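Predicted model only: the values in this text are computed from it and were never measured.
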Amino acid sequence: MKVETAKKVEDAAAWRKYSENMLPPLLQAALDCFVEHGYHGTTIRTVAARAKLSVPGLYHHYASKQALLVAIVQFAMKDLLVRSEDAVAEAGSSVEEQFRLLIECLALFHAHRSELAFIAASEIRSLEGESRTAHIQSRDKQQQMVDDIINQGMREGNFDAEHPKDTSRAIVTMCTGIAQWYRRDGELTPEELALRYANIARMTLGVGPGSRRESVFTAPTVGDAPIVVN
């Protein structure tokens, strides 16, 4: 069964757009069950009932529960990587803009696709063999995109981070963590949250209002002497 992901199209903002029904019904049923019961707590019979199929009917499409999980996490990573590449492409040559849009993209994905992203992250432990290796490689590729942009910004003098690699990992973890707590009926829309997180991430690298570069405290003075507040 072919799973559609985000497409590279002429619409430069396509990576920001999300439809509600992105998975085929059978994979959506499996995702719902994994979210509710966990991978190991879900049976094929449970998924089949949720999808309104017989167990043999389910096996016609996917050979096992493992195959369902693999299809779900593959969709998640392909969708995220395509969107991320499009976001960076939209930014052009500006490393600061590449970083800002990439973090906006990460935050949007983990808010709009919170359940999908949660299972893709939390059930790595349940993937087997080559599927697990491939998924980790995709995850590492996503992390490397952020690493490369931060390293380029450091070389160009646009970013300021004492520990660039740790900073990059912390920023990505901040974005992926959205999937664990975000709710649509909360204070912020996915778009508002993504812009807020992009600004927080930029400040972490010394860019933008509130950053270390723009918030260095200088004590007020009277004459030549600083005012000391006890």
Side-chain angles (χ1 to χ4, degrees), residues 5-6 8-9 11-18 76-118 120-121 138-220:
T5 60
K8 288 182 180 295
V9 295
D11 181 356
W15 59 269
R16 291 190 177 95
K17 296 179 180 179
Y18 287 84
M77 290 310 304
K78 287 179 181 179
D79 193 28
L80 178 57
L81 285 168
V82 167
R83 291 176 186 276
S84 297
E85 291 165 358
D86 286 351
V88 172
E90 180 183 322
S93 60
S94 167
V95 70
E96 287 189 29
E97 189 69 358
Q98 289 175 11
F99 180 75
R100 184 181 71 82
L101 294 189
L102 180 55
I103 300 308
E104 181 185 345
C105 178
L106 277 169
L108 276 176
F109 180 86
H110 287 85
H112 277 289
R113 300 278 195 257
S114 57
E115 293 186 345
L116 181 66
F118 175 76
S138 294
R139 183 193 64 183
D140 291 347
K141 181 179 179 180
Q142 181 69 52
Q143 178 68 59
Q144 192 63 50
M145 291 179 68
V146 182
D147 291 350
D148 290 346
I149 290 173
I150 289 179
N151 289 335
Q152 182 64 30
M154 294 289 291
R155 288 191 294 269
E156 294 178 2
N158 299 91
F159 298 152
D160 177 18
E162 186 174 357
H163 304 289
K165 188 173 183 63
D166 293 329
T167 300
S168 179
R169 186 180 294 111
I171 290 170
V172 171
T173 301
M174 175 182 75
C175 293
T176 58
I178 292 171
Q180 299 180 33
W181 61 264
Y182 182 76
R183 297 293 179 271
R184 288 294 188 90
D185 58 355
E187 175 188 359
L188 300 173
T189 66
E191 290 70 27
E192 291 168 337
L193 179 65
L195 293 177
R196 180 174 294 186
Y197 266 48
N199 285 332
I200 292 171
R202 292 172 69 242
M203 287 189 286
T204 304
L205 292 172
V207 180
S211 67
R212 287 185 296 166
R213 290 181 177 179
E214 298 191 16
S215 61
V216 175
F217 176 73
T218 303

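Annotation: the span from L116 atom CG to M77 atom CE amounts to 10.0 Å, rounded to 0.5 Å. Atom CD of E192 is separated from atom CD of E187 by 8.5 Å, given to the nearest 0.5 angstrom. Once rounded to the nearest 0.5 Å, the distance linking OG of S138 with CG of L80 reads 9.5 Å. Going from atom CD1 of I103 over to atom SG of C175 covers 5.0 Å, rounded to the nearest 0.5 Å.
Under the 3.5 Å distance criterion, the side-chain polar atoms of H110 are matched with a main-chain donor or acceptor of L106.
The two residues A201 and I171 make their nearest non-hydrogen contact at CB-CG2, 3.9 Å. Residues Y182 and L188 come closest through the heavy atom pair OH-O, 2.8 Å. Taking both residues in full, the closest heavy atoms of F159 and I150 are given as CD1-O, 3.7 Å, listed atom of the first, atom of the second, then distance. Residue L108 comes nearest to A194 through the heavy atom pair CG-CB, 3.7 Å, listed as atom of the first residue, atom of the second, then distance.
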Please determine whether side-chain contact (heavy atoms from CB on, under 4.5 Å) holds for the pair T189 and L193, giving the CA-CA distance in whole Å, both sets of side-chain angles, and the decisive distance to 0.1 Å.
CA-CA 6 Å; T189 66; L193 179 65; over 6 Å; no
Decide side-chain contact (heavy atoms from CB on, under 4.5 Å) for S114 and I178; before the verdict, give the C-alpha distance in whole Å, the side-chain angles of both, and the deciding distance to 0.1 Å.
CA-CA 7 Å; S114 57; I178 292 171; over 6 Å; no
Stepwise side-chain contact (heavy atoms from CB on, under 4.5 Å) test for T204 and T167:
CA-CA 8 Å; T204 304; T167 300; 3.6 Å; yes
Mind running side-chain contact (heavy atoms from CB on, under 4.5 Å) on V88 and F99 for me, showing each step along the way?
CA-CA 8 Å; V88 172; F99 180 75; over 6 Å; no
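Screening D79, L101, L102 for a side chain to side chain contact (heavy atoms under 4.5 Å, CB included) with W15, the sole residue that qualifies is L101. Under the side chain to side chain contact (heavy atoms under 4.5 Å, CB included) rule, I149 has a single partner from E96, M154, E97, Q98, which is Q98.
Annotation: side chain of P190 is in contact with side chain of R184 (closest heavy-atom distance under 4.5 Å).
Looking at residues two or more places apart in sequence or on another chain, you find no side-chain hydrogen bond (donor to acceptor under 3.5 Å, both in side chains) involving R139. With sequence neighbours excluded, no residue satisfies salt bridge (charged side-chain N to carboxylate O under 4.0 Å, His left out) with R196.
Ring geometry for Y197 against W181 counts as tilted: the plane angle lies between 30° and 60°, on a 0 to 90° scale.
Contact check on R83 versus D86 returns no salt bridge, with no Lys/Arg side-chain nitrogen under 4.0 Å from an Asp/Glu carboxylate oxygen. Salt-bridge formation is not detected for the pair R16/E191: no Lys NZ or Arg NE/NH1/NH2 atom is positioned less than 4.0 Å from an Asp or Glu carboxylate oxygen.
Sorted by first and then second residue, the side chain to side chain donor-acceptor pair (under 3.5 Å) pairs with a member in residues 140-153 read S84-Q142, Q143-D147, Q143-S168, Q144-D148, D147-S168, Q152-R155, Q152-E156; sequence neighbours excluded.
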